[in-house]
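Report on the following structure.
All chains are named by letter (A, B, ...) in the order of the sequence lines, taking the proteins before the strands, and each is independently numbered beginning at 1.
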Amino acid sequence: MAVKRRISISLYIMAFIFTLIIFAFGVYVSWIINKSVAEDLKANIDAMISRLQHLQTIFLLADENAPSFCPFYATELGRLEEETERMRYKIAVLEENKGVTDENLKKEYFIFETNAYLLAKKIKEKCNSSEVLVLYFYSNTNCSICQDQGVELYHARQDLAQQGIKVKTYAFDGDLNSSIVEVFKIKYNVTAYPTLIINEKKFAGFLDEKRIIDKIKEEFQ
Amino acid sequence: MVFFLLFVKYYTKMYVKKKTKWRPKISVIVPAYNEEKNIRKCIESLLSANYPKDKLEVIVVDDGSTDRTYEIAKSIKDKRVKVYTKPNSGKGASLNFGIERASGELIAVLDADSTIGHETILRMLHLFEDEDVAAVTAAVKVRKSSNLIKEFQRIEYLFIIFTRKLLSFIDAVPVTPGPFSIYRSNVLRKIGGFDENNLVEDHEIALRLQYYNYKIRSSIDADVYTEVPENTSALMKQRVRWQKGGILNVINYRKMINPAYGDFGVFVLPLTILSVFLVFGITAITIYSFFSHSKYADLLGLEAMFIGVSPFTVVAILLFILSLIWAYGVVRSFKNEVVNVPLVVAYLMFYWFFSLAYNSLMIIKEIKKEKITW
């Protein structure tokens, strides 16, 4: 009857430390992977920026003959638009699923998006096109419905495209400490999220797919 | 992690083979209920074991079988074998019935569906040299077969032998397995024999031995082969019984969840209860992280999977790989056992889902107040 009971404290401490090391290693590996993913995305944005600049240069050069270049602009902007959208979702997935927020990446992306928006606006005027430009302001910290708003907007855009109505969307994170976003917020008096600016008209609060379509159709007519 | 560190610490003691000249009289109790297929092999394995003839007594207790178990046992003509029959009253009662009639200094319990090896008893004896040791457990194994469910259990049993050996170094063995364990008869009598109303009497007796601070030692090379359920429903029934019985026993002995009981009190016992919560907790986190993905991920399709990786996923993959290496290493340490990596991977995956299933079933049965039987 003589089990000398003892608690192997050192064993549990060691086990805890090793477990911690495994977790730390896991976090480190994911950080390395995510960093390289973010760098890849950044390189993609850089490539998109240079394509946009190229387009901007052509637009400035062809000022006089703008209408004859309109089909060209439409195709190029269309292509860029597709990539912009995918890029936006990629950044969102990286942030929401994988917990990686790279502010610089987002800022760079917003600079690109702003330039794309400005160019699209000018081209729209020059070419007298009927496409609808939508600015979408969201927040990742105090707006649980913003993700749904993003998805509704996506589906609305898809639906409208099938009906021959072209919509270009530009999304901005209102929480981001970016002077560009701040200027936008002041310009359109954005105080709540989500907020949609459809052809310069402000709609604060959540709009479902049907209502977005209705509003855009009103604009389109 | 704790087991790995225990292995590192006690590696040199793990495979020590000692011999003893001590040959006490051993009474082996074989409780049997409807075991006509296995009883002969079981008794014959005892009779052919390397142990002096005059020091071995086999007590077969037929627990009111409705088949030919009793007749077959009775037909074995050997002075060492005593066969009794009694109305059905359960395994615990049958064991106590045997203990009353046993004359050995040591009492062994051998399930009727199990067989011992030629050297099994001798390999366990040296562990009794320490007078404080009240029980020694065997290395209960499953024979290799083509049945996948049995193969998973073969791996599991090897794993259990290994971990039990490690736990014996810190006086924390939680069970003296029913298939074959040897006890000091005076201790067994002193603590009142087996609990006759327990779902897992081999767990309860070990807890009681621990409660009275007796030592339990484990053998890693005293082979005993046992029959295991060969389909999922039978296995499920067995595991629900083990799990519920185990938890009830821990609740009954909750006083031992106490630093005064050393590693047994602060690690092994709490782990029995915690394991249930861990299985559900980790599964819930996995399901949650799977379904709570960004809605934009749906818009991106498959591509979303390759955009970065969450620390949770990396840690989970890392832990799985380490568990795999550990499990494979453990199983491979048994030289006569053939295993391959895919089987160990399948085992790890299967057992996760399986433990989730039997834990859920246990809870459902508990809610429905359904009685769990043998």
Side-chain angles (χ1 to χ4, degrees), chain A residues 1-38 40-41 85-100 102 140 146-155 158 171, chain B residues 1-6 8-10 130-134 169-172 187 190 209-216 256 258-267 289-290 292-301 303-319 321-322:
Chain A
M1 271 244 274
V3 172
K4 281 187 190 130
R5 298 285 185 186
R6 59 197 158 79
I7 299 174
S8 318
I9 292 176
S10 58
L11 183 85
Y12 301 124
I13 293 176
M14 290 251 290
F16 180 72
I17 293 171
F18 278 114
T19 312
L20 221 56
I21 291 173
I22 293 174
F23 274 79
F25 183 72
V27 171
Y28 177 70
V29 169
S30 69
W31 182 76
I32 298 266
I33 294 173
N34 290 335
K35 203 177 147 200
S36 98
V37 169
D40 273 358
L41 292 184
E85 190 162 34
R86 290 193 78 76
M87 180 60 71
R88 184 191 311 154
Y89 299 148
K90 282 179 187 176
I91 294 172
V93 169
L94 199 62
E95 188 171 338
E96 287 158 24
N97 270 27
K98 318 291 162 72
V100 187
D102 187 330
N140 283 339
C146 279
Q147 215 181 78
D148 292 310
Q149 182 66 86
V151 175
E152 295 289 317
L153 191 58
Y154 169 85
H155 289 303
Q158 297 283 32
Chain B
M1 189 48 79
V2 170
F3 291 109
F4 173 70
L5 292 172
L6 275 175
V8 173
K9 190 171 175 189
Y10 294 105
D130 176 348
E131 289 193 351
D132 297 326
V133 171
F169 294 123
I170 54 168
D171 288 309
V187 175
K190 200 166 151 189
L209 288 171
Q210 292 284 8
Y211 183 74
Y212 291 113
N213 286 311
Y214 286 104
K215 286 183 186 172
I216 302 173
M256 290 170 78
N258 181 335
Y261 280 93
D263 293 310
F264 192 67
V266 299
F267 176 61
S289 69
F290 187 77
S292 72
H293 61 264
S294 166
K295 285 176 180 155
Y296 296 118
D298 296 335
L299 304 182
L300 279 173
E303 205 184 341
M305 280 180 69
F306 302 101
I307 302 165
V309 61
S310 80
F312 178 77
T313 313
V314 180
V315 171
I317 293 172
L318 209 61
L319 287 179
I321 293 172
L322 289 175

Worksheet item: Are any side-chain N or O atoms of B:Asp263 and backbone N or O atoms of A:Ser8, one a donor and one an acceptor, separated by less than 3.5 Å?
Response: yes
Discussion item. Under 4.5 Å from any heavy atom of chain A, what part of B:Leu318 do you find: side chain, backbone, both or neither?
Written reply: side chain
Worksheet item: What part of A:Tyr28 gets closer than 4.5 Å to chain B, counting heavy atoms only: side chain, backbone, both or neither?
Response: neither
Worksheet entry | Any side-chain heavy-atom pair of B:Phe4 and B:Lys9 under 4.5 Å | no
Item to complete: Measure distances from B:Val2 to the heavy atoms of chain A and classify the residue's part below 4.5 Å as side chain, backbone, both or neither.
Response: both
Worksheet item: Is there side-chain contact between A:Leu94 and A:Val37, with at least one heavy-atom pair below 4.5 Å?
Response: yes
Worksheet item: Tell me, side chain or backbone of B:Ala260 under 4.5 Å from chain A's heavy atoms, or both, or neither?
Response: backbone
Discussion item. Between A:Tyr12 and A:Ile7, is there a side-chain heavy-atom distance shorter than 4.5 Å?
Written reply: yes
Item to complete: Could you pull out all residues at least two apart from A:Ser30 that satisfy side-chain hydrogen bond (donor to acceptor under 3.5 Å, both in side chains)?
Response: none
Worksheet, complete the sentence: If one checks every heavy atom of B:Phe3 against chain A at 4.5 Å, the contacting part turns out to be neither
Worksheet item: In terms of heavy-atom proximity below 4.5 Å to chain B, should A:Ile22 be classed as side chain, backbone, both, or neither?
Response: both
Item to complete: Would you mind reporting whether B:Tyr261 and B:Asp171 have side-chain heavy atoms less than 4.5 Å apart?
Response: no
Worksheet item: So what's closer than 4.5 Å to chain A heavy atoms on B:Leu322: side chain, backbone, both or neither?
Response: side chain
Worksheet, complete the sentence: Under 4.5 Å to a heavy atom of chain A? For B:Ile317 that would be neither
